[in-house]
Amino acid sequence: MRYNLKLSDDALLSAYKDALILNLNEEFIELLEKELINRDIAFIRPSKEEKE
C-alpha cells in the first residue's frame, strides 16, 4: 500500500525523530521510514541500547 504523506522533507524527518522519542506504534514508525526511503532521505534508527 502506498501512502502520500504531504509533509516537507524536514517535517517528515522531524516527525520520525519525535515518533522514536515518544516510542510510538512500531507500524507507524515503519511507515515513516518507508516514506523517508522513498524520498531518498538518509536516516539511522538508534539501537535499543542508545534509546536507554
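The chain is numbered in sequence order, starting from 1.
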*Asks:* Taking only residues two or more places apart in sequence or in another chain, which ones pass side-chain hydrogen bond (donor to acceptor under 3.5 Å, both in side chains) with D9?
*Replies:* R39

*Asks:* Heavy atoms, side chains only, cut-off 4.5 Å: are I29 and R45 in contact?
*Replies:*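 Sidechains of R45 and I29: in contact.
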
*Asks:* Would you say that L31 contacts E27 through its side chain, given a criterion of any heavy-atom pair below 4.5 Å between the two side chains?
*Replies:*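 No, every pair of side-chain atoms sits at 4.5 Å or beyond.
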
*Asks:* Output the distance between atom CG (L12) and atom CZ (F43), rounded to the nearest 0.5 Å.
*Replies:*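 Answer rounded to 0.5 Å: 9.5 Å.
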
*Asks:* Does L36 share a hydrophobic cluster with L22, counting links as ILVMFWY side-chain heavy atoms below 4.5 Å and allowing steps through other members?
*Replies:* yes

*Asks:* To the nearest 0.5 angstrom, please state how far the CD atom of E26 sits from the CD atom of E30.
*Replies:*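 Those atoms lie 5.0 Å apart.
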
*Asks:* Roughly how far apart are E33 CD and F28 CZ, rounded to 0.5 Å?
*Replies:*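 Output value for this atom pair is 11.0 Å.
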
*Asks:* To the nearest 0.5 Å, what is the distance between CG (L13) and CD (E35)?
*Replies:* 12.0 Å

*Asks:* What distance separates K17 NZ from L32 CG, expressed to the nearest 0.5 Å?
*Replies:*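 Reported value, rounded in 0.5 Å steps: 13.0 Å.
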
